[in-house]
Amino acid sequence: MKGLVLCAGKGTRLRPLTYTTAKHLIPVANKPVIFYTLEFMKKAGVSDIAIVVSPENEALFKETLKDGAQLGMHIEYVVQPQPKGIAHAVYISREFLKDEPFLLVLGDNLVFEDISSVVKSFKSENIDAYVLLARVKDPRAYGVALLEGGRIVHVEEKPKEPKSDLAIVGVYLFRKSVFEAIENIKPSWRGELEITDAIGYLVQKGHTVRAHVIQGWWKDTGKPEDLLEANRRILDAMQDGECAGKIDESTIVQGRVHVAKGSIIASSLIRGPVVIGENCRIVNSYVGPYTSIGNGVILENCEVENSILMDESKLSNLSARIDSSLIGKGVSISQNGKLPKAMKFVVGDLSSLEL
C-alpha cells in the first residue's frame, strides 16, 4: 500500500510564521508537525509515500525530509501548482499511486491512534474506501458523515444542519475507484475539487464506503492555539526527563524535563513538562510547564511558559512573563529597563502582540 500526504496549503491562519516556512514544518515539542504524520503512517505499515507540495515550499520539504531514508521510508514529491482542493491533489498524484490502494493523510492533522488493524481490514476486504471519523461538539466546521451499520450513507461538507456529530478527520483509505469519482465531480463554490464530493459519488454509485470512529485525541494544527494545544498534549505524554546538557547547582528542575546536548542552564527554575533543544543558554530565568524550546535559544532574566520558542530566538530582561506564545526562528525580544521607558518594535505583516 502506498501513502499520500497533502502539504500544499498556504497556512494563512499561521501567518507571519508561514511567510518563511510551511505550516507542516513548524515544530511541536521540538519536532516538525509532518514528522508525527509520517510516524503515524509508518506505524500503520505504510512507508512508500508521496508528499504533495506547493511550488513555494517544495525546496523546504526536500531539505527537511530528503528521500525519507533517515526515517526508514521512501519519499517522493508531487507539486500542486494551484490550491485546487484535496481531490485535485489526489488526482495529480495518480502517476505515483498507479492503481494501488493508498492511505491519504492531511499533513497538518495530528492523529495518534494506531490504525494498523483498519489498514489490514481494508486490504483484505472488498471495501472501496475507509474514512476516519471523530465525534465533535460542533460538526458544522467539518465534513460530516452519516452512518448505517458501519457504512457511510451520506457525506456533506460544512453543513448548516449536520445529520450527525461525526466529523471527517483527514485520514482516508482509497482504491483506484476514487479516480473515477474525482473525474465525475465539479468544483465547489470555493473553486476546489472536494474529497467529500468524491466520497459522496462513491456512496451514490453503490461502492462500499466504511468508517472507523477514532477514540483518541486528534487535532488540525491550522491555528496558533491548535499548535499550542498539540504541544501540551505531546509534552504531557513524555514518560521521563533526560539531561544531556549542563545544569548548575543553583538551578531547580521539577518534573519531566528533556535537555539536549550542548545546552547550559544556570540559576533558573525549570518546571516540566519541558523540552529544551541543543546549544541553548538559560540564565536566571523561569521556564514553566508545556514549553518547547528549540535549538540555539537564549533566555536571560525572563519567564516563559505554555509556549513554543523556535530555533535561535532570544528573550532577555523581560519584566512580564511570556505565556501562550509562538516565537519564530531568530526572533529577539528584550527590555532595556532604562529611562525614558518606551516600547520599540520591528514587526512583520500580520503579527500579533499583546502587552
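Numbers here simply count residues along the sequence, with the first being 1.
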**Request:** List the steps and the verdict of side chain to side chain contact (heavy atoms under 4.5 Å, CB included) for Leu309 and Leu299.
**Result:** CA-CA 10 Å; Leu309 280 63; Leu299 301 181; 3.6 Å; yes
**Message:** With side chain to side chain donor-acceptor pair (under 3.5 Å) as the criterion, how do Asn284 and Asn301 come out once you've worked through the C-alpha distance, each side chain's angles and the decisive distance to 0.1 Å?
**Reply:** CA-CA 5 Å; Asn284 195 33; Asn301 305 310; 2.6 Å; yes
**Prompt:** Does the pair Glu192 and His88 meet the rule for a side chain to side chain donor-acceptor pair (under 3.5 Å), with working shown?
**Reply:** CA-CA 8 Å; Glu192 298 183 359; His88 176 262; over 6 Å; no
**Request:** Evaluate the criterion side chain to side chain contact (heavy atoms under 4.5 Å, CB included) for residue pair His212 and Arg210; output intermediate values, then yes/no.
**Result:** CA-CA 7 Å; His212 172 73; Arg210 301 193 67 84; over 6 Å; no
**Prompt:** Can you check salt bridge (charged side-chain N to carboxylate O under 4.0 Å, His left out) on Glu125 and Lys120, steps first, answer last?
**Reply:** CA-CA 9 Å; Glu125 298 178 23; Lys120 184 178 180 180; over 6 Å; no
**Message:** Let's go through Ser268 and Ile282 carefully: what are the C-alpha distance in whole Å and the side-chain angles of both, what is the deciding distance for side chain to side chain contact (heavy atoms under 4.5 Å, CB included) to 0.1 Å, and is it a yes or a no?
**Reply:** CA-CA 7 Å; Ser268 297; Ile282 300 174; 3.7 Å; yes
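Using a 4.5 Å heavy-atom threshold, the side chains of Ile199 and Phe174 count as touching. Side-chain atoms of Ile185 and Leu193, non-hydrogen and from C-beta on, do get closer than 4.5 Å to each other. For the pair Asp128/Val178, no side-chain contact is recorded, criterion being any heavy-atom separation below 4.5 Å from C-beta on. In this structure, Tyr77 and Ile75 have side chains that are in contact, with non-hydrogen atoms separated by less than 4.5 Å. For the pair Ile265/Ile276, a side-chain contact is recorded, criterion being any heavy-atom separation below 4.5 Å from C-beta on. Taking the side chain as every heavy atom from C-beta outward, Leu38 and Leu65 approach each other to under 4.5 Å. In this structure, the side chains of Val171 and Phe40 come closer than 4.5 Å at one or more pairs of heavy atoms. Side-chain contact between Leu132 and Ile115 is present, with at least one heavy-atom pair separated by less than 4.5 Å.
In this structure, Arg175 is not positioned above the aromatic face of Tyr130 in the sense of NZ or CZ being under 6.0 Å from the six-membered ring centre and within 45° of the axis. At least one test fails for Arg271 against the ring of Tyr286: distance under 6.0 Å to the centre or angle within 45° of the axis.
Taking the six-membered ring for Trp and thresholds of 30 and 60 degrees, Tyr36 and Phe112 have ring planes more than 60 degrees apart, a perpendicular arrangement.
A salt bridge does not link Glu100 to Lys98: none of the charged nitrogens lies less than 4.0 Å from a carboxylate oxygen. Salt-bridge formation is not detected for the pair Arg321/Asp323: no Lys NZ or Arg NE/NH1/NH2 atom is positioned less than 4.0 Å from an Asp or Glu carboxylate oxygen. Ionic pairing of Lys62 and Glu58 is present here: one or more N-O contacts between side-chain nitrogen and carboxylate oxygen are shorter than 4.0 angstrom. Using a 4.0 Å cut-off between charged nitrogen and carboxylate oxygen, Arg256 and Asp236 count as a salt-bridge pair.
Pairing each heavy atom of Leu315 with each of Cys302, the nearest pair is O-SG, 3.7 Å. Of all non-hydrogen atoms in Ala134 and Trp218, the two that sit nearest each other are CB-NE1, 3.0 Å. Scanning both residues, Ser263 and Cys280, for their nearest heavy atoms gives OG-N, 2.9 Å. Scanning all heavy atoms of the two residues, the minimum distance from Gly72 to Ser47 falls at O-CB, 4.1 Å. Of all the heavy atoms in Ser250 and Ala266, the pair that sits closest is OG-C, 4.2 Å. Contact between Asn231 and Ser292 at its shortest, heavy atoms only, is OD1-OG, 2.6 Å.
Its side chain within the 4.5 Å cluster rule, Val153 clusters with Leu146 among the Ile, Leu, Val, Met, Phe, Trp and Tyr residues.
Looking only at atom types and distance, the side chain of Thr196 has no donor-acceptor partner in the side chain of Glu194 under 3.5 Å away.
A donor-acceptor pair under 3.5 Å links the side-chain atoms of Ser307 to the main chain of Ser324, judged by distance alone. With hydrogens and angles ignored, the 3.5 Å screen pairs no side-chain donor or acceptor of Ser313 with any backbone N or O of Val297.
A side chain to side chain donor-acceptor pair (under 3.5 Å) with Tyr201 holds for exactly one of His207, Glu180, Glu183; it is Glu180. Ile26 pairs in a side chain to side chain contact (heavy atoms under 4.5 Å, CB included) with only one of the listed residues (Asp108, Ile308, Leu227, Ile34), which is Leu227.
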